[in-house]
There are 2 protein chains.
Amino acid sequence: MSDSITAVEHEVLAAVLQVRTHVLQVLLWQRARKPDAGRWSLPGGRLGPDEDVEHSIRRQLAEKVDVRQLSHVEQLSVFSAPDRRPDTRMVATAFLGLVPSHVDPAVPEDTSWHPVDRLPETAFDHRAIVERARGRLRAKLSYTNIGFAIAPPEFTISELRTHYSAALGYTVSATNLQRVLARRGVLEPTGETAPPGRAGGRPAALFRFAAGGLEVTDQFAVLRPPAGPYAHSSVR
Amino acid sequence: MSDSITAVEHEVLAAVLQVRTHVLQVLLWQRARKPDAGRWSLPGGRLGPDEDVEHSIRRQLAEKVDVRQLSHVEQLSVFSAPDRRPDTRMVATAFLGLVPSHVDPAVPEDTSWHPVDRLPETAFDHRAIVERARGRLRAKLSYTNIGFAIAPPEFTISELRTHYSAALGYTVSATNLQRVLARRGVLEPTGETAPPGRAGGRPAALFRFAAGGLEVTDQFAVLRPPAGPYAHSSVR
DNA sequence: CCAAAAGTGTTGCCTATACACCCATGT
DNA sequence: ACATGGGTGTATAGGCAACACTTTTGG
């Protein structure tokens, strides 16, 4: 049995996603040093001795790229292939982070946003992590209220539609988006309206998300218990 | 910045679940040594230097508890609270493992199966891991074909019903279970029938699962792309 | 012929998408 | 008045749970 005293180095990495200019983008920094110098890398760093992985990724995002206004952070998966980095053996815990579209965090020189659909050359296995993050976001848009984490505090339905379309990668109808979210009780009207654009048109009503935290709004489709309302259960 | 040379020890743990005597059970071993001596613990061990976490957990289950016939293994989450163990700082990657009900793996002396609903005193945070595993299994029973991993190779609908009921924790109707799985194409008849019990009755048809691997069978309910059949997409 | 177990038909409810139509504003 | 964008009504389709009913066996 090989239970030697091998302690493995552990890093935390986050794919921080935001809808910018109607496109889903991810925050990357360009590596200066080898290995993989010049390639683009996810923010993160080594796990500290007195923190759990979620504290760690939040700390590192705050310190290194000054992203403090994360609306949602969620663990994705462990990436642990022995050769995932050529230099060291390093296990990574990957996260999905979301930033609402109305904030524009100040990021360092070597850091910038990149459309998720057109990633540059990424370091190590970071491309796979970004794709995992996008997949998770897309899935949760369908059955949770996670829209609150990508949208600004108040919005019109068309604005919300552009956010959902950007994140999902295909056009969604404002009509049906409104209905689905309304029926589930995810949206609530603020009572205010937004002024029309230069071309006129009916002023749009403003909405906000009713809840501030993640909730499962669509109980899984089938095999639910006989009667009882299992709706809005906790997130797995 | 605290990027010291701290390497964190890393273990892999699995909640191995099986339906036994119509109850969902988990495999635990009783700790002999401190800390938490006498308490029940999940199988697993330290991550080796040349393996990824999934290889590691499969190796450890094979070595330590002789469980080789896993029908499904899936990563759950990282447990990394600094004080999750009183002795060492140790990060754990937790897995869900499934064993089909017709196999009875030989397990060591200090190891035994326990109903998930009535766990004994567990070591460290292992109770939380078991609950996470159960939650994941329950969710996936609803929207994937994961039943293949808990059921024997061939079965009647009533047998399948008892498996689903045990795993879900509530009674499901054989009628509707059959219909749901049939419509989705996850079940296929073998053509054979099982002999009736002592009380008589119509002989039950035998079925098997059509696919051997995990598939998402129920595309998420809403916000799907305009038309195209996105069914049976890959698992996130 | 009766009891028991398996499987099917039918109904009612709910949710979703698509599309036509009405509403409110600027020019 | 008309163009423009916002919002609602309605039709259609489909999935699911509940339950009555039919089928097939043993006694």
Side-chain angles (χ1 to χ4, degrees), chain A residues 141-143 154-162 164-165 168 170-207 216-232, chain B residues 141-143 154-162 164-165 168 170-207 216-232:
Chain A
L141 281 172
S142 277
Y143 67 92
E154 299 192 353
F155 45 82
T156 67
I157 297 297
S158 349
E159 286 163 3
L160 189 64
R161 184 180 78 94
T162 65
Y164 271 73
S165 298
L168 290 170
Y170 52 81
T171 304
V172 302
S173 127
T175 298
N176 295 325
L177 180 65
Q178 148 109 313
R179 257 205 261 280
V180 167
L181 297 181
R183 178 167 6 133
R184 294 175 174 178
V186 175
L187 292 187
E188 63 186 24
T190 68
E192 312 281 305
T193 56
R198 44 205 152 291
R202 176 172 169 177
L206 287 172
F207 293 83
V216 173
T217 55
D218 187 43
Q219 69 280 34
F220 293 116
V222 290
L223 306 179
R224 33 175 179 272
Y230 254 62
H232 291 257
Chain B
L141 280 172
S142 277
Y143 68 92
E154 299 191 353
F155 45 83
T156 67
I157 297 295
S158 346
E159 286 164 4
L160 190 63
R161 185 181 78 93
T162 66
Y164 271 73
S165 298
L168 290 170
Y170 53 81
T171 305
V172 302
S173 129
T175 298
N176 294 325
L177 179 65
Q178 158 149 32
R179 252 202 268 277
V180 167
L181 297 182
R183 176 163 5 113
R184 294 175 174 179
V186 289
L187 290 187
E188 64 186 24
T190 68
E192 310 282 303
T193 58
R198 47 206 151 291
R202 175 172 171 177
L206 287 173
F207 293 83
V216 172
T217 55
D218 187 42
Q219 69 279 36
F220 293 118
V222 292
L223 305 179
R224 34 175 178 274
Y230 254 62
H232 291 257

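Numbers restart at 1 for each chain; the letters A, B, ... are given by sequence-line order, proteins then strands.
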- Message: Using modelled atom types and a 3.5 Å cut-off, is there a donor and acceptor pairing between side-chain atoms of Arg161(B) and backbone atoms of Ser173(B)?
- Response: no
Rounded to whole Å, CG of Asn176(B) lies from P of dT10(C) at a distance of 16 Å
Are any of Gln178(A)'s side-chain N or O atoms less than 4.0 Å away from OP1 or OP2 of dT8(D)? yes
**Message:** Base, sugar-phosphate or nothing for Ala205(B)? Non-hydrogen atoms, less than 4.0 Å.
**Reply:** sugar-phosphate
query: With side chains defined as the heavy atoms from C-beta onward, is the minimum distance between Val180(A) and Arg183(A) less than 4.5 Å?
result: yes
Closest non-hydrogen contact found for Pro203(B) with Ala194(B) is CB-O, 3.3 Å
note: Arg161(A), atom CZ; dT17(C), atom P; distance rounded to Å ~ 14 Å
Indicate yes or no: at least one non-hydrogen side-chain atom of Phe207(B) is less than 4.5 angstrom from one of Thr190(B). no
Between CG of Leu187(A) and P of dG7(D) the distance, given in whole Å, is 12 Å
Taken to the nearest whole Å, CZ/Arg179(B) to C1'/dG9(C) is 7 Å
Separation of dA16(C) atom C1' from Tyr164(A) atom OH, nearest Å, is 16 Å
Donor-acceptor under 3.5 Å (Glu159(A) side chain, Thr156(A) main chain): yes
Phe155(B) atom CZ is separated from dG7(C) atom P, nearest whole Å, by 12 Å
Decide side-chain contact (heavy atoms from CB on, under 4.5 Å) for Leu206(A) and Thr193(A); before the verdict, give the C-alpha distance in whole Å, the side-chain angles of both, and the deciding distance to 0.1 Å. CA-CA 5 Å; Leu206(A) 287 172; Thr193(A) 56; 5.8 Å; no
In whole angstroms, the gap separating P of dG15(D) from OH of Tyr143(B) amounts to 19 Å
Please produce a list of atom pairs where a protein N or O lies less than 3.5 Å from an N or O of nucleotides 24-27 of chain D.
{"from": "dT24(D)", "atom 1": "O2", "to": "Arg202(B)", "atom 2": "N", "distance (Å)": "3.1"}
{"from": "dT25(D)", "atom 1": "O2", "to": "Gly201(B)", "atom 2": "N", "distance (Å)": "3.0"}

Query raised in the report: Heavy atoms under 4.0 Å, any strand shown: does Ser173(B) hit a base, just sugar-phosphate, or nothing?
Result: nothing
Practice task
Describe the nucleic acid contact of Ser158(B) in one word from base, sugar-phosphate, nothing, applying a heavy-atom distance below 4.0 Å.
Solution key: sugar-phosphate
Looking only at dG7(C), dA18(D), dG9(D), the nucleotide nearest the Phe207(B) side chain is dG7(C)
Taken to the nearest whole Å, CG/Leu177(A) to P/dA18(C) is 13 Å
